[in-house]
Participant: 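Have a look at this one before I ask anything.
In what follows, every heavy atom counts, from backbone to side chain, and hydrogens, waters and symmetry copies are set aside.
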Amino acid sequence: MLSSTIRPAVKSDCAAIARLYSISSDGVADYIWTQLAEPGEDILAVGQHRYEREDTNFSYRNCSVVVSDSEVVGMLVAFPMQVDPAYVEEDPVLAPYSKLEVDNSYYICGMALLPEYRGLGIGTRLLALAERHAREKGFSVLSLIVFEENSGAKALYERYGYKEVDRAPVHPHPLIHYAGDAVLMVKQI
């Protein structure tokens with residue numbers, strides 16, 4: 001059995017966080033980072049630099065990492081979701097995800113494990129951690145978005161008490177791994 005611990009992320013974890021966030025987003029982060037990259041810049045380097053920031057939701061400060069044998073093998077990024085009702089996402093690729101936001105919820109933005117660490121209960125531990133953080137911050141609702149075609153992740157969230165409340169069609173793009181719908185799921189605590 002592979003042993004692991006979960007701890008708050010530190011700045012030196014940001015390269016691993018970017019790699020895992022890329023996995024968790026199923027191409028959405030790759031799309032965003034490609035838009036932000038300078039010519040010739042590796043998109044994972046863009047992600048790393050974004051998570052090295054401290055004054056944004058997409059910061060290592062909002063991440064927990066799973067560590068096994070001194071290697072980061074998983075991560076969770078979650079933060080309070082505050083929706084600006086006046087904001088309209090103009091990018092058709094990103095618009096479905098912007099539509100599926102729950103104001104004043106604790107948003108699980110991404111969760112990923114390397115393949116050999118899946119199916120060991122670590123995802124459930126990460127969801128429990130997010131729930132604990134939500135309670136500590138005074139939130140009674142957690143939210144997340146999952147692709148309907150990602151049946152394994154969707155089943156995990158359903159087992160943990162998340163319910164589908166909305167969905168939006170995925171805008172096709174070569175970097176996005178799934179078609180169909182993006183599904184908004186929430187859990188009341």
Participant: Taking only Lys NZ, Arg NE, NH1 and NH2, and the carboxylate oxygens of Asp or Glu, determine whether Arg61 and Glu54 approach each other closer than 4.0 Å.
Facilitator: yes
Participant: So, do Asp26 and Asn150 sit near enough that their side-chain heavy atoms are less than 4.5 Å apart?
Facilitator: yes
Participant: Within the structure provided, determine whether Met111 and Leu156 are in side-chain contact (heavy-atom separation under 4.5 Å).
Facilitator: yes
Participant: How close do Leu114 and Arg19 get, heavy atom to heavy atom, and via which atoms?
Facilitator: CD2-NH1, 3.4 Å
Participant: What is the minimum heavy-atom distance between Ser105 and Val102, and which atoms define it?
Facilitator: OG-O, 2.7 Å
Participant: Apply side chain to side chain donor-acceptor pair (under 3.5 Å) to residues Ser4 and Arg125 and explain how you reach the verdict.
Facilitator: CA-CA 11 Å; Ser4 63; Arg125 289 171 47 205; 3.3 Å; yes
Participant: Within a strict 4.5 Å, meaning less than it, do heavy atoms of the Val93 and Ile176 side chains meet?
Facilitator: yes
Participant: Decide yes or no for Tyr107 and Leu142: does some side-chain heavy atom of the first lie under 4.5 Å from some side-chain heavy atom of the second?
Facilitator: no
Participant: Within the structure provided, determine whether Ile145 and Val183 are in side-chain contact (heavy-atom separation under 4.5 Å).
Facilitator: no
Participant: Provide the closest heavy-atom pair for Asp181 versus Pro169 in the form atom of the first, atom of the second, distance.
Facilitator: OD1-CA, 3.3 Å
Participant: Examine distances only and state if a side-chain atom of Arg118 and a backbone atom of Leu113 form a donor-acceptor pair shorter than 3.5 Å.
Facilitator: yes
Participant: How many angstroms lie between CD in Glu101 and CE in Met81, if you round to the nearest 0.5 Å?
Facilitator: 4.0 Å
Participant: Check whether any side-chain N or O of Thr34 sits under 3.5 Å from a backbone N or O of Asp30 as a donor-acceptor pair, and report yes or no.
Facilitator: yes
Participant: Stepwise, does the side chain to side chain contact (heavy atoms under 4.5 Å, CB included) test hold for Asp166 with Lys99?
Facilitator: CA-CA 9 Å; Asp166 200 1; Lys99 174 189 180 289; 3.2 Å; yes
Participant: As an exercise, state the distance from NZ of Lys187 to CG of Leu144, rounded to the nearest 0.5 Å.
Facilitator: 10.5 Å
Participant: Would you say Glu158 and Tyr160 make side-chain contact, with heavy atoms under 4.5 Å?
Facilitator: no
Participant: Identify, with sequence neighbours excluded, every residue that meets ring-ring contact (aromatic ring centres under 6.0 Å, His included) alongside Tyr157.
Facilitator: none
Participant: Taking all atoms of both residues into account, what is the closest heavy-atom pair of Val170 and Ala179, and its distance?
Facilitator: CG2-O, 4.0 Å
Participant: Hey, could you give me the NE2/CG distance between His49 and Leu44, rounded to the nearest 0.5 Å?
Facilitator: 11.0 Å
Participant: What is the minimum heavy-atom distance between Ile43 and Ala37, and which atoms define it?
Facilitator: CG2-CB, 4.5 Å
Participant: Which heavy atom of Ala29 sits nearest a heavy atom of Ser22, and at what distance?
Facilitator: CB-CA, 4.4 Å
Participant: Measuring from Ser24:OG to Leu76:CG, what's the distance to the nearest 0.5 Å?
Facilitator: 9.5 Å
Participant: Keeping the roles fixed (side chain from Glu71, backbone from Val73), state whether a donor-acceptor pair exists under 3.5 Å.
Facilitator: no
Participant: Roughly how far, to the nearest 0.5 Å, is CG of Asp103 from CG of Asp84?
Facilitator: 9.5 Å
Participant: Excluding sequence neighbours, so at least two apart, what forms salt bridge (Lys or Arg N to Asp or Glu O under 4.0 Å) with Arg132?
Facilitator: Glu136
Participant: Evaluate the criterion side chain to side chain contact (heavy atoms under 4.5 Å, CB included) for residue pair Val66 and Met75; output intermediate values, then yes/no.
Facilitator: CA-CA 6 Å; Val66 181; Met75 71 86 203; over 6 Å; no
Participant: Please tell me whether Tyr106 and Phe79 form a close aromatic pair, meaning their ring centres lie under 6.0 Å apart.
Facilitator: no
Participant: Using a 4.5 Å cut-off on heavy atoms from C-beta on, say whether the side chain of His133 contacts that of Ser64.
Facilitator: yes
Participant: Tyr51 and Val77: side chain to side chain contact (heavy atoms under 4.5 Å, CB included), yes or no, with the steps?
Facilitator: CA-CA 10 Å; Tyr51 274 97; Val77 58; 3.9 Å; yes
Participant: Within the distance-only criterion (no hydrogens, no angle test), does the side chain of Ser59 pair as donor or acceptor with the backbone N or O of Arg53 below 3.5 angstrom?
Facilitator: yes
Participant: Decide yes or no on side chain to side chain contact (heavy atoms under 4.5 Å, CB included) for Leu94 and Val28, but give the supporting numbers first.
Facilitator: CA-CA 8 Å; Leu94 300 178; Val28 177; 4.1 Å; yes
Participant: Is it the case that Ser68 and Tyr117 place a side-chain donor and acceptor less than 3.5 Å from each other?
Facilitator: yes
Participant: Taking Ser98 for the side chain and Ala95 for the main chain, is one N or O donor matched with an acceptor at less than 3.5 Å?
Facilitator: no
Participant: Enter the distance from Arg167:CZ to Phe147:CZ here, rounded to the nearest 0.5 Å.
Facilitator: 12.5 Å
Participant: Does any pair with a residue in residues 39-49 pass salt bridge (Lys or Arg N to Asp or Glu O under 4.0 Å), and if so which ones, sequence neighbours excluded?
Facilitator: none
Participant: For Ala9, enumerate each residue passing the side-chain contact (heavy atoms from CB on, under 4.5 Å) test, keeping only those at least two apart in sequence or located in another chain.
Facilitator: Asp13, Ile17, Tyr60, Cys63, Val65
Participant: Given Lys154 and Glu148, is the salt bridge (charged side-chain N to carboxylate O under 4.0 Å, His left out) satisfied, shown in steps?
Facilitator: CA-CA 7 Å; Lys154 191 168 184 289; Glu148 71 177 332; over 6 Å; no
Participant: Just wondering, do Glu164 and Leu184 contact through their side chains at under 4.5 Å, heavy atoms?
Facilitator: no
Participant: Run the ring-ring contact (aromatic ring centres under 6.0 Å, His included) test against Tyr31 and tell me which residues pass, sequence neighbours left out.
Facilitator: His173
Participant: Following the transitive rule for hydrophobic clusters with a side-chain heavy-atom cut-off under 4.5 Å over Ile, Leu, Val, Met, Phe, Trp and Tyr, establish whether Leu129 and Val10 coincide in one cluster.
Facilitator: no
Participant: Over 60° means perpendicular and under 30° means parallel, so classify the ring planes of Tyr21 and Phe58, tilted if in between.
Facilitator: perpendicular
Participant: Who are the ring-ring contact (aromatic ring centres under 6.0 Å, His included) partners of His177, not counting sequence neighbours?
Facilitator: none
